[in-house]
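What follows is a single structure, written as structure tokens, with notes after it.
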Amino acid sequence: MTPSRRRRTALAAATTLALIGATAGVAHAEVPPDAPEQLRNGDFSDGPSPWFSYGTGPLGVTDGRLCTTVAGGLANPWDAGIGQDAVPLIAGAEYEISFDISATPGAPVKAVLQLGSAPYTTYASVDATASGTATRVSRTFTAPADNPAAQLIFQIGGSPEAQTFCLDNVSLRGGEAAPPYEPDTGPRVRVNQVGYLPGGPKNATVVTTATDPLPWQLRSAAGAVVASGETTPRGLDPTSGQDVQTVDFSAYRTPGTGYTLVVDGEASHPFDISGTLYDRLRADSLQFFYAQRSGIPIDGDLLGAGYARPAGHLGVAPNQGDTDVPCQPGGCDYRLDVRGGWYDAGDHGKYVVNGGIATYQLLNAFERTKTAETAAGGAALGDATLRVPERGNRVPDLLDEARWELEFLLRMQVPAGQPLAGMAHHKIHDRNWTGLPLAPQDDPQPRELHPPSTAATLNLAAVAAQCARLFAPYDAAFAARCGTAARTAYAAARAHPAVYASAADGNGGGTYDDSNVTDEFYWAAVELWLTTGDGAYLTDLTASPRHTAEVFDAGGAFGWQSVAALGRLDLATVPNTLPAAEKARIRASVTAAADRYLSTQRGQAYGLPLPGGADAYVWGSNSNIVNNAVVLATAFDLTRDAKYRDGAVQTADYLLGRNALNMSYVTGWGEQHARNQHSRIFAHQLNPDLPTPPAGSLAGGPNAALQDPFAANLLAGCRPMFCYVDDINSYSTNEVAINWNSALAWLASFLADQGDAAAVPAPTCAATYITHGSWPDGFTTQVTVRNTGSSAVNGWSVRWAFTGDQKVSSYWSAQVSQSGATVTARNESWNATIAPGAEITFGLNGTTSGAPNPNPTLITLNNTACTLP
Ligand code: 9MR
Ligand code: 9MR
């Protein structure tokens, strides 16, 4: 961890020194030569990271020194700085701070050790004067306070002339070496701390050095042994570095609460067996999006008293946005009203790329209610199912929530008449990084639009196209606005196919850079074709290399940077007019990917569908794990093969405690759960008056690359599954983010839909759906349902959903009603009974506005799916 120090001739310090702190001016005991180094990469041998800057030009390493430029004439020294976060300080301990500094033409510099957020309490500071020759500065001081994560800042603003500053050999020696970090991992028997579905898989992992099978016991809350058996030795699990065995108690199906699994003298955390386990997780995980809303007051009656806050970023001081936002200097010469949307994560940035995938996933969770047997009808995702202000407006709350972001995404589109009209600005965020905590309404930073990018434009095109078809039955005007924006964006991306966001544009906000947009083109073309039926989009998607390529990566089926799988999944699930053989090929590619995730899952002793290597445990690994489970769930929806459902259900075990850390990564869920995620809003760990993230917030999860200084200090050398800490300072392992919670919400909704996860019944009906005639604004359809079971059906309800704005206008031989896109046909008194082998037929006329009207891929009779030709 301590950077190796290169030998350099220390130059005599011809500097002015001042020291603020508890013992300023007092002669100090020498800091011993072997005192531990507290800074990371102080010689810049690893490049600029983890040093950051604000108010400066880019940071670069030149001749082994960290250099940057600063404009002249800044008002204050602190208007520009170079710093490092997560510097541990121990009250009363002696430290020596030292560094080489130079500046051309020459200027004062102040090195400050401080609290990294308001009120920026100073622990020690050193004034120096930098000139063209490198000067070595060194002073000792006594730390006046404890802070496990202080900030060192070199304040380099305020001189009249522009400067180039360089730093080298920055060191802070003293205090104590950090003791090796030993997370408290609780009982060695690792289970899903929330529980298991009665008919679902029930697996656990035991950390043990025993090499022979061990007896296990499942105990009721009262302590009675209700099931028992023997473990399966699994040997060394390289991902955790632990010797483990696994337990399969799937055969036990009796619902109850407070079960424990006892193996090797250890009892697991308690858990339930229940078919309603995930009902509230569906609502909680979706509620996160309301909590992240910008531009609207958060109502404590909806989210909980501690969560109320005024609207953020509506142009009310000290906010400097988002109602009238300029481009970065040198960008556009117009300003945009980009209010609303969701804050991306623990920061206050709003990014079109990541907003795109998160919105897609919510819209897709809704669209699934139209095509998946276990979700059919969508009552659980209807109106008045979430605690949102739009509750009761007759639009499903999930669509209301998605619309909050959609409206923002539409605002990010470059207006007609401007250069790059129709493209989407990549992002809008603070000019400089802010500290934690910081409520949105207190953010004083200027907000800036960053240049348009092809990736952002195609994200907008894709989700606006989804919007156009899904909102059509609820709000035709909004759907039309989405449709127009989608088409315009796609055309603009075609005209500007290679405008990439800069990987260096990461001050004050994330970069979300991406220089391969063939996947975004594919996804957008798919969504536009599904919505419009326009052959030009079909031509494009068919010509895309992504259409036939393998798109489901082992390490993550999809993510903000790789979205081809979204197009593939939607072609597989959303009704469309591709030829049967082509549809079969696409569906087979989904189930083939699901088979690979199942095989990965079987190979992992902790039972998750992610390969075990360090390269799989990346920033946001939990979202990749969930997204692989989304493919498993979709394979189940397509095939009704329970092995895929079991794979998706079992993935929840890892998230909710069956892992090396014995940690549930979902706030409020499980005995031992994440609660200190990196968030400026929910910064309870830094200020007890603030709340934790709301229940249902997913932490990013283990990140073997340890890309923040706090994690890098604490977790150096960690095995991949251990590279996580529930501390607010660790943004690269423990942040919240909209694209991670959208994944959780999708999966939680699927899980809730599985009820007991009982055996999948064999179909007992066969349906045909024949559109006998269609004309520009209408169609006539006849539906036949045959009873293929062995008992008579007495009273029936047949259901399917339209893809877009189709509306039933008249019907015969059934009572037909429509709610949104979902059509329900109920028997007349004279045809209520369908004997085994018999069939009923009814018909309807409908209207359309010319959008595609493909046959549904799901027709249910009394809630179970019928086979289709
Ligand atoms: O807080 C930020 C977090 O939300 C981001 O995920 C992360 C990476 O983009 O960067 C943030 O952290 C900054 C920290 O709050 C202040 N020092 C600079 C850090 C960025 O380098
Ligand atoms: O989720 C993003 C992850 O894939 C990247 O590796 C990481 C660094 O670029 O950034 C993550 O996204 C962060 C974004 O840049 C800023 N807001 C917080 C996001 C979650 O940490």
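Basis for what follows: all heavy atoms, side chains included, without hydrogens, waters or symmetry-related copies. It should be emphasised that the depicted structure is a prediction, and the values quoted were computed from it without experimental measurement. Each ligand, and each atom within it, is numbered from 1 in the order the structure gives. Note that the numbering runs from 1 along the sequence shown for the chain.
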Does any part of the side chain of Val630, heavy atoms only, come nearer than 4.5 Å to the side chain of Gln361, both counted from C-beta? yes
Quiz item: Can you find a pair of side-chain heavy atoms, one from Tyr343 and one from His313, that are under 4.5 Å apart?
Solution: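 With C-beta onward as the side chain, the pair touches.
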Review point. Backbone N or O of Leu458 within a donor-acceptor pair of the Trp523 side chain at under 3.5 Å?
Key: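 Checked: no pair found.
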**Request:** With sequence neighbours excluded, give me every salt bridge (charged side-chain N to carboxylate O under 4.0 Å, His left out) pair touching residues 717-731.
**Result:**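 Not a single pair qualifies under salt bridge (charged side-chain N to carboxylate O under 4.0 Å, His left out).
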Would one find an N or O of [X], backbone or side chain, under 3.5 Å from an N or O of ligand 2?
{"X": "Tyr512", "value": "yes"}
{"X": "Asp347", "value": "yes"}
{"X": "Gln707", "value": "no"}
{"X": "Tyr351", "value": "no"}

Residues in ring-ring contact (aromatic ring centres under 6.0 Å, His included) contact with Trp669, at least two apart in sequence or another chain: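 Not a single residue meets the ring-ring contact (aromatic ring centres under 6.0 Å, His included) criterion with Trp669.
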So for Tyr343 against ligand 2, with non-hydrogen atoms under 4.0 Å, the contacting part is neither
